[in-house]
Amino acid sequence: MADSYLQRWSVGNVAERLKRYGWTGEPLHVVGLPDGTKITIQNVLLAAAIKVGIQEIPTLTHHPDEPLPLLMAKDFILTRPVRELPDGSYVIGGSDGRVVFRRGRRAETYGEAALFRTTGQPGIPDGDPVPFPWTAAMTGGTTMTGGTAMTGGTAMTGGADPGRREDGE
Amino acid sequence: MTNALDVEFAEHLRRWGEAGSASPGLVHGLSRNGELAEAELLRLYLDAGERWVTTSRTSGIWQGRRCWLGARPPDEAHGGDLWFDVVEVTVSVLVPRPDAELADFSADEWEVMTSCVGWLAARPVRRWQFLGFASVAGLDLGREIGSSAYAMGVYGHWADRYAVYFGKGLPGWDSWWGAACAFDDDILDAMWPQDIPEIGFRVQEDAVAILGRARALRMNQDPGGSFPMGERFAITDDFWLPGMRFRTEVSTQLGILPPDGEGGCGVSVLARP
């Protein structure tokens, strides 16, 4: 993930565009986790929408197991490994535990896309927990079924953690 | 009267999009412009279609290697093999994953990951290639794209569009890490002779990574560790750096990417119909 300066500049730039033209593009892609948490894979857009005070934006919610289109998959490359600790929790980088996702891997599902983009954020120290409730059920599509549910909707932007996590619609 | 090489390349792309065949005229254009390896490999393809050949001395540092001629990578290949993409007119090398990393693979990982990282272009995109693509894609460049042989100073989203048009992506750190482990210094020096930054994979929706040779080729990393990213290593799509170059890559995990919508990136001519 880009450094914080670039992130700020980028958000400001997109915010300017949103202020001038409003929300004109496609819905925001979000990933719905089993516990109800929703995570966007388009951090900059969400943060920019919050910055300019857009109250509602259209969203498209993807199941974590839903296959990611190849054209998007090329943009989600894991730069730090994700490890599973003996207690079943997941951490970014570090040296303890078993490597679940190796660096260099391309995301194959929307859930992996959210995970991989998050782990690239430089603000997260090595060895810190994955900052959302990632579960073993979302690795490799082994236990989730009926994997391509998509729902349209709108997201309330107020109060969401900018750029990373969005709880509830 | 002879056309400039970028015009001949654009004609080649249109011909390929319409008829699925390479342009014989491009062979002469490549020869005239000193692109001897590409000229020879394209001529061999036009003579007898897709197949394995052994590269000659025109391929320089890559002389004597197996090279697949075709519009798509071969079904089976080994690390260090070459692929001459007759559409992009580019030689790529198959980069193997480092042994230490392979030894660490779990059974689950073997189901997803491959023993090679991908087909990494042996050199950055040439100026004539980018200008030819821009002509076919209808890109309004609005300024000169470098004065050297390479396409330099293009926006990140232009580089991305170029790569996607050919069903490829921009390289990640993993390709260079694999290359640094697998190939001799002579080869690495030929592939990336100076520490001129290159445009890499997308790190957020509107920003691409900037890869520097010194960091990208750093060896002796822990195969289970992180890539050697700098504090600041990305640039948004609205910026370009004067000397920055780029090259294409096909990840073996993903393969050749499908066209982006009708015609690929909104381009009316398909690169691989």
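Here is the naming used below: chain letters follow the sequence lines, and residue numbers restart at 1 for every chain.
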Exercise for the section: Flag the one option from B/G224, B/G225, B/S106, B/A163 with the top tally of heavy-atom pairs under 4.5 Å to chain A. Expected result: B/G225
Problem - Interchain contact, A/L78 with chain B, by part (heavy-atom threshold 4.5 Å) - result: backbone
Exercise for the section: Please confirm whether the backbone N or O of B/A207 pairs with a side-chain atom of B/T236, one donor and one acceptor, at under 3.5 Å? Expected result: no
Problem - Contact winner vs chain B - A/A73, A/P81, A/P69, heavy-atom pairs under 4.5 Å - result: A/P81
Problem - Interface moiety of B/D237 toward chain A, non-hydrogen atoms closer than 4.5 Å - result: neither
Handout entry: B/D160 with A/K74: basic N within carboxylate O range, under 4.0 Å
Key = yes
Practice task
Could you tell me whether B/R215 and B/D195 have a side-chain N and a carboxylate O separated by less than 4.0 Å?
Solution key: no
Practice task
Report yes or no: do A/T61 and A/K38 form a side-chain donor-acceptor pair below 3.5 Å?
Solution key: yes
